[in-house]
Protein chains: 2
Amino acid sequence: MFEPSTLKDIAKALGLSTSTVSRALRDTHEISPETKKIVLEYAEKINYRPNPIALSLKERRSKSIGVIVSEVANHYFSQAINGIESIAYSRGYHVIITQTHESYEREKANIQHLASRSVDGLLVSLSAETSDTSYLQSLHKRGLPMVFFDRVADDIETHKIIANNEKGAFEATEFLIKKGCKRIAHLTSSSHLSISIERLEGYKQALEKYGLPFKQDYVKYCPHGGMFYEETETAVKELMALQEKPDAIFIAGDRLSIGCLVVLKNLRINIPEDINVTGFSNSDVLDLFNPPLTSVRQPAFEMGQIATEKLIKLIESKYPVYEFEKEVLETSLQVRDDL
Amino acid sequence: MFEPSTLKDIAKALGLSTSTVSRALRDTHEISPETKKIVLEYAEKINYRPNPIALSLKERRSKSIGVIVSEVANHYFSQAINGIESIAYSRGYHVIITQTHESYEREKANIQHLASRSVDGLLVSLSAETSDTSYLQSLHKRGLPMVFFDRVADDIETHKIIANNEKGAFEATEFLIKKGCKRIAHLTSSSHLSISIERLEGYKQALEKYGLPFKQDYVKYCPHGGMFYEETETAVKELMALQEKPDAIFIAGDRLSIGCLVVLKNLRINIPEDINVTGFSNSDVLDLFNPPLTSVRQPAFEMGQIATEKLIKLIESKYPVYEFEKEVLETSLQVRDDL
DNA sequence: AAGCTAGCCGGGAACGATTGCATAGATTTT
DNA sequence: AAAATCTATGCAATCGTTCCCGGCTAGCTT
């Protein structure tokens with residue numbers, strides 16, 4: 001079995017002490033140039049690599065950051081992860097990705113596990129089920145650096161990176177209004193998620209600006225963000241069973257948008273004849289869809305990058321940080337309209 | 001800062017030695033029931049968790065496995081990852097996911113990093129660029145357990161989990177032939193990948209069975225598996241510029257299939273009027289596509305599960321394993337045909 | 001009553017690396 | 001010439017855990 005070489009091996013082979021070898025490799029001025037040369041050459045020869053586990057134990061840090069998302073199969077998150085990796089790797093950090101599948105239990109288990117595994121910090125996007133963040137609170141209070149992105153916890157004081165959900169939702173709703181829709185429904189994820197609240201607000205503002213009434217009946221929540229087909233189907237069916245059937249749906253959420261299109265197709269509800277649709281999505285194949293989907297796109301890659309930069313800054317800060325920022329990035333409305 | 005409790009803390013608080021505490025927690029028979037009870041209760045009270053880093057150092061294992069895929073944004077891989085996680089977590093293993101983005105350099109860097117970080121084993125799907133696997137060879141010889149899935153290295157003796165690529169490719173090609181296509185092109189990933197070779201073989205067999213000639217001109221390789229739009233576009237343009245223009249394309253690869261559809265749309269080549277298409281894909285939204293794509297679907301989730309089970313068996317085996325299996329799972333052809 | 005065993009527990013080394021302190025010899029300062 | 005400084009190296013503690021080894025106290029046997 002696979003026995004990597006250690007400082008001790010080098011020391012024994014060269015007749016030196018481990019401390020001398022360690023210092024020689026770290027290029028301290030205390031070691032004579034000749035000794036350094038001998039050590040470096042031998043280390044090179046046997047391909048010595050310091051044991052990161054021993055280092056973690058000693059230094060109480062692991063040069064790795066944990067990422068918590070609901071699913072990597074979500075376009076928004078996979079793009080954000082690419083952004084996270086691009087920064088992390090350039091700064092010498094490992095990235096450990098975990099998925100919650102929108103479950104509070106899995107989120108908690110994953111995060112506890114990451115924390116005990118001594119990640120140096122956390123990049124968190126909450127699961128749809130999560131409303132109690134007290135376990136995160138306690139980790140945060142104990143000094144574990146964390147940065148939220150996309151789905152943030154309002155009661156935890158740290159950096160937060162989000163998209164301009166209100167404006168994105170406003171534009172998507174406005175688009176439907178300008179197409180002549182009068183009864184616009186809103187299909188969204190679980191009600192306590194920050195993104196749901198903000199997108200609902202944008203939706204309301206658009207209605208108000210154009211003098212359309214807001215109706216609670218038109219807002220349908222999917223507590224698991226469309227993880228289950230039935231959840232989405234039920235919501236759509238309920239909307240379509242209303243007395244005043246909606247003539248449009250604005251959907252908040254990547255998975256939900258795609259899921260809703262599938263449901264509509266299966267229910268043989270045609271777009272745009274029977275209903276109009278816009279939604280949040282970062283899919284890069286929306287152009288292939290029929291019916292087309294006008295979508296709000298978030299700068300996922302950049303959000304991942306910024307979140308990682310801020311997290312690393314927190315981790316490497318010598319003094320505790322008490323000033324936190326909430327960075328808001330602009331979304332873009334991508335109009336797709338078959339004429 | 002965040003100081004988790006240790007064995008020493010418990011020992012000091014209870015007036016015992018660390019060894020006694022350690023044994024009490026691990027429920028050794030040497031410790032009296034009363035002492036055990038006291039220790040367990042106190043440990044529970046202060047929420048003691050053994051430090052996994054210290055354990056890793058001592059036990060020379062980390063209870064974590066490394067996964068190497070080209071991209072998590074690929075439907076096949078994200079499903080396989082879900083399968084991997086489902087098994088790994090139930091067996092108490094961590095999963096560390098890394099992406100190669102089809103680059104040999106990134107693959108090598110990631111794997112070296114994982115190995116030095118003491119993952120207990122590796123689940124590998126090679127990048128499109130990789131043809132030299134000697135660095136993997138050497139890790140394997142040094143005893144690092146690894147299992148390949150999907151894109152395997154033929155010259156490394158270990159477990160391999162693949163789909164029946166030949167049969168899948170055969171069926172997809174046969175489907176085109178039965179639709180009446182005579183000049184079927186084949187768009188595939190880089191030529192040295194195992195999946196490319198097998199899918200090409202299935203394609204050839206279908207042609208042969210139905211008495212169609214095989215033409216090298218009809219086979220186009222994308223060395224980066226369609227990572228870059230231009231690569232795919234060039235290949236499609238070359239095919240369409242042939243004197244005997246193909247009347248169908250069979251595409252090997254998830255990303256490539258989607259990419260090719262985008263290219264065809266942009267080039268205003270219509271399906272099925274101008275050309276017919278089938279491809280490998282695990283996307284779950286193909287039903288929303290227009291034009292429709294008849295696709296070969298791989299049992300990605302199961303492949304991930306099986307690979308992980310086999311890897312854990314290798315890791316936990318007390319004796320070196322010399323008998324390796326190649327498990328082949330069946331694909332399914334999902335016909336989508338607008339009449 | 002002396003010896004034996006079993007039960008229970010503590011001491012200390014080990015895993016691999018870093019680092020403050022000690023030390024020996026060489027060199028410079030006063 | 002004695003003292004101070006500097007150079008190059010080694011010793012040992014540390015991080016948190018496990019485990020080998022040995023010690024002590026009962027209780028039991030003969």
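Order of the sequence lines fixes the chain letters, A, B, ..., with proteins taken first and strands second; residue numbering starts at 1 for each chain.
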*Side-chain ion pair, A/Arg151 and A/Glu102, N-O less than 4.0 Å*: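 Yes, charged N to carboxylate O under 4.0 Å.
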Show me the side-chain donor-acceptor pairs of residues 37-48 of chain B shorter than 3.5 Å, one per line, residues at least two apart or across chains.
from	atom 1	to	atom 2	distance (Å)
B/Asn47	OD1	B/Arg49	NH2	3.2

[N] phosphate, OP1 or OP2, under 4.0 Å from [X] side-chain N/O:
{"X": "A/Thr18", "N": "C/dA17", "answer": "no"}
{"X": "A/Ser32", "N": "D/dT9", "answer": "yes"}
{"X": "B/Thr6", "N": "D/dG16", "answer": "no"}
{"X": "B/Ser17", "N": "C/dC9", "answer": "no"}
{"X": "A/Thr20", "N": "D/dG10", "answer": "yes"}
{"X": "A/Lys8", "N": "C/dA14", "answer": "no"}

Roughly, in whole Å, what's the span from [atom1] in [X] to [atom2] in [N]?
{"X": "A/Leu7", "N": "D/dG10", "atom1": "CG", "atom2": "P", "result": "13 Å"}
{"X": "B/Arg61", "N": "D/dT17", "atom1": "CZ", "atom2": "P", "result": "15 Å"}
{"X": "B/Glu30", "N": "D/dT18", "atom1": "CD", "atom2": "P", "result": "14 Å"}
{"X": "A/Leu55", "N": "C/dT19", "atom1": "CG", "atom2": "P", "result": "9 Å"}

*Heavy atoms under 4.0 Å, any strand shown: does B/Ser56 hit a base, just sugar-phosphate, or nothing?*
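Contact class for B/Ser56: none.
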_Within the 4.0 Å heavy-atom criterion, would you say A/Arg49 contacts the bases, only the backbone, or no part of the nucleic acid?_
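Sugar-phosphate contact only.
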*Which sits closer to the 5' end of DNA chain C, B/Lys36 or B/Leu57, going by the nucleotide each is nearest to?*
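Its nearest nucleotide lies further toward 5', so the answer is B/Lys36.
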_Closest-nucleotide mapping onto DNA chain C: is A/Arg26 or B/His29 further toward the 5' terminus? I mean the 5' end._
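It is B/His29 whose nearest nucleotide is closer to the 5' end.
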Is a donor-acceptor pair below 3.5 Å formed from side chain [X] to base [N], judging by atom type as modelled?
{"X": "A/Arg60", "N": "D/dG16", "value": "no"}
{"X": "A/Arg23", "N": "D/dG10", "value": "yes"}
{"X": "A/Ser19", "N": "D/dC11", "value": "yes"}

